[in-house]
2 protein chains.
Amino acid sequence: MPVEIGAEPEAEVEDDSALQLHIKFDPRRQVSAQVYEALKKAIVSLQLPPGSSISENRICRHIGVSRTPVREAIIRLVEDELIEVFPQKGSFVAPIKLSAVRENHFSRKALELAVLRRAAASWSALHSSRARYIVDRQAAALGAEDFDDFHALDETFHRSFCVAAELEGVWSTIQTMKARVDRVHRLSAVQGRLPKVIAEHGAILDALDASDCEGALARLEYHLEQAPTMLETLIGKHEKYFVD
Amino acid sequence: MPVEIGAEPEAEVEDDSALQLHIKFDPRRQVSAQVYEALKKAIVSLQLPPGSSISENRICRHIGVSRTPVREAIIRLVEDELIEVFPQKGSFVAPIKLSAVRENHFSRKALELAVLRRAAASWSALHSSRARYIVDRQAAALGAEDFDDFHALDETFHRSFCVAAELEGVWSTIQTMKARVDRVHRLSAVQGRLPKVIAEHGAILDALDASDCEGALARLEYHLEQAPTMLETLIGKHEKYFVD
DNA sequence: CATTTCATGCTTGTATACTAGGGTACTATG
DNA sequence: CATAGTACCCTAGTATACAAGCATGAAATG
């Protein structure tokens with residue numbers, strides 16, 4: 001049963017404060033889509049930690065819309081395995097399931113490696129310069145301590161391999177699995193690993209530019225393997241967030 | 001329009017006849033989930049061919065529920081890329097998008113091969129006997145010309161590798177991509193390929209039983225490559241189902 | 001004081017009403 | 001006859017109302 005995992009049992013106060021879903025509504029777009037994006041962003045960024053109550057009523061009152069678009073956003077987030085709904089009891093941000101993290105990491109690695117193998121076959125100077133530009137901007141974001149931008153550029157970098165392989169649709173699949181493990185990455189972001197990320201990205205591009213396909217694959221695999229290595233320490237520090 | 005006063009139900013050319021969604025409702029389960037399953041089955045089996053109108057009103061009248069659960073089912077099917085919604089115009093069964101078929105096939109192959117590599121490492125006699133039992137039942141289904149059962153057992157067979165690899169959660173990812181290409185498989189089911197499917201399944205198991213991991217991978221890749229080879233002829237025969 | 005019972009307020013699930021926009025067929029006008 | 005306008009109906013998007021299940025706690029009973 002989803003007993004509240006609230007780190008603060010004494011926090012009787014409406015945790016509406018945690019609901020800083022700063023939505024600036026664009027009336028031309030669907031409300032449900034905008035709610036979905038705002039909630040997903042808040043969950044993945046751990047602004048809404050695992051176990052948080054996602055009451056349809058609270059949210060729709062908070063942002064000033066009816067329950068229907070909120071419900072539709074929640075349905076999509078359940079599909080993403082980021083929210084769990086218990087009928088007649090409540091909806092909650094899903095805990096980080098270790099088996100799911102393991103399996104999604106496995107899938108993501110398999111897909112990205114397969115994509116990279118194909119991208120390497122048609123790698124060009126244009127692809128290289130575009131990717132290096134992304135890495136440069138990522139370094140700038142790190143210097144400016146703009147971590148949201150850093151993560152956004154990280155996605156752009158990995159996506160660029162899908163573009164080079166002319167398999168851009170595969171990226172959406174990777175992204176779905178990435179979203180299911182990204183909360184772990186956010187937890188590990190404080191460990192000072194970010195400079196290494198930039199170096200590893202550059203190393204992959206070096207191998208691609210040298211037409212060293214196998215080397216690029218090895219370096220990407222190494223890069224992707226870094227996150228799980230520190231999983232145990234993370235579990236210890238944030239035990240409340242995990243299950244299994 | 002030539003509106004006759006007589007309101008004969010049969011006077012309508014409504015393709016309601018195509019909506020043979022025989023749902024026997026289980027009141028204990030959510031209506032929306034049951035509608036989702038029924039619609040998905042009808043779409044994947046081509047009972048609702050690409051381009052069919054999925055009017056929320058028609059469907060909810062047809063099965064006797066309100067629009068809400070139908071809407072929620074449609075939302076999930078949009079996520080599956082099986083339905084396209086055009087606001088203020090209508091919702092329709094998505095056409096088979098060639099680029100998406102190509103990319104989902106790529107992803108599925110990458111994932112299944114990665115899973116099989118791990119399954120081979122822990123392959124046992126028990127895994128083998130279970131899988132061979134599935135193939136046997138598949139042969140029986142083919143003999144009985146029970147193609148629905150055949151396809152269900154086909155899924156079970158491929159899933160068994162995920163079970164053996166202890167990556168059962170990966171199956172749901174594979175299944176999502178499989179659903180996006182399964183309509184093509186249904187079109188090709190008439191080509192008399194089904195006996196070959198059984199033989200190829202057996203060949204994979206033979207390699208696994210012989211601890212020939214690379215051989216098993218090659219045979220699975222061959223097996224998965226069979227569907228796309230006949231894609232061009234299918235496009236010719238059912239041109240209006242495809243785009244791109 | 002302990003235990004049972006019931007009232008109340010929460011939750012999500014479902015039904016229905018309303019809004020705004022697009023498509024089409026008919027009509028009026030030139 | 002041709003064309004432009006208009007009215008109607010259909011669509012999905014959103015809002016609101018109602019139903020049913022669960023949790024909590026207070027009150028009544030032993």
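Lettering follows sequence order; numbering is per chain, from 1.
- For the pair A:R29 CZ and C:dG21 P, the computed distance is 18 Å after rounding to whole Å.
- Atom CZ of B:R67 and atom P of D:dC10 are 14 Å apart (whole Å).
- In this structure, B:K89 places its NZ atom 17 Å from C1' of D:dC9, rounding to the nearest Å.
- Residue B:Q30 places at least one side-chain N or O closer than 4.0 Å to OP1 or OP2 of C:dG13.
- For a distance-only test at 3.5 Å, the side chain of A:Q88 fails to qualify as a donor-acceptor partner of the base of C:dT11.
- In this pair, A:H158 and A:F161 present their aromatic rings perpendicular. The plane angle is above 60°, beyond the 30 to 60° band.
- In this entry the distance linking CD1 of B:I83 with P of D:dA12 reads 10 Å, nearest Å.
- In this entry the distance linking OH of A:Y36 with P of D:dG13 reads 16 Å, nearest Å.
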| request: Before giving the answer on side chain to side chain contact (heavy atoms under 4.5 Å, CB included), spell out for B:R180 and B:V101 the whole-Å C-alpha distance, their side-chain angles and the decisive distance to 0.1 Å. | output: CA-CA 7 Å; B:R180 299 210 260 251; B:V101 169; over 6 Å; no
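- Inspection of the B:H151 and B:D154 side chains reveals no N or O donor paired with an N or O acceptor under 3.5 Å.
- B:E84 and B:K89 are not joined by a salt bridge, as no carboxylate oxygen comes within less than 4.0 angstrom of a charged side-chain nitrogen.
- In this structure, B:R159 pairs ionically with B:E168, as a charged nitrogen and a carboxylate oxygen lie closer than 4.0 Å.
- Atom CZ in A:R61 sits about 15 Å away from atom P in D:dA15, given to the nearest Å.
- In this structure, A:R71 places its CZ atom 12 Å from P of C:dA15, rounding to the nearest Å.
- In this structure, A:S66 reaches the D:dA15 phosphate: one of its side-chain N or O atoms is under 4.0 Å from OP1 or OP2.
- Along DNA chain D, the nucleotide nearest B:N57 and the nucleotide nearest A:A33 are compared for position; the residue whose nucleotide lies closer to the 5' end is B:N57.
- For the OP1/OP2 pair of C:dT11 and a distance below 4.0 Å, the side-chain nitrogens and oxygens of A:S55 include at least one atom meeting the criterion.
- Remark: B:S32 is not in phosphate contact with C:dG13, judged by side-chain N or O atoms under 4.0 Å from OP1 or OP2.
- Distance, B:E56 CD to D:dC10 C1': 12 Å, rounded to whole Å.
- Mapping A:I74 and A:T68 onto DNA chain C via the closest heavy atom, the residue that lands nearer the 5' end is A:I74.
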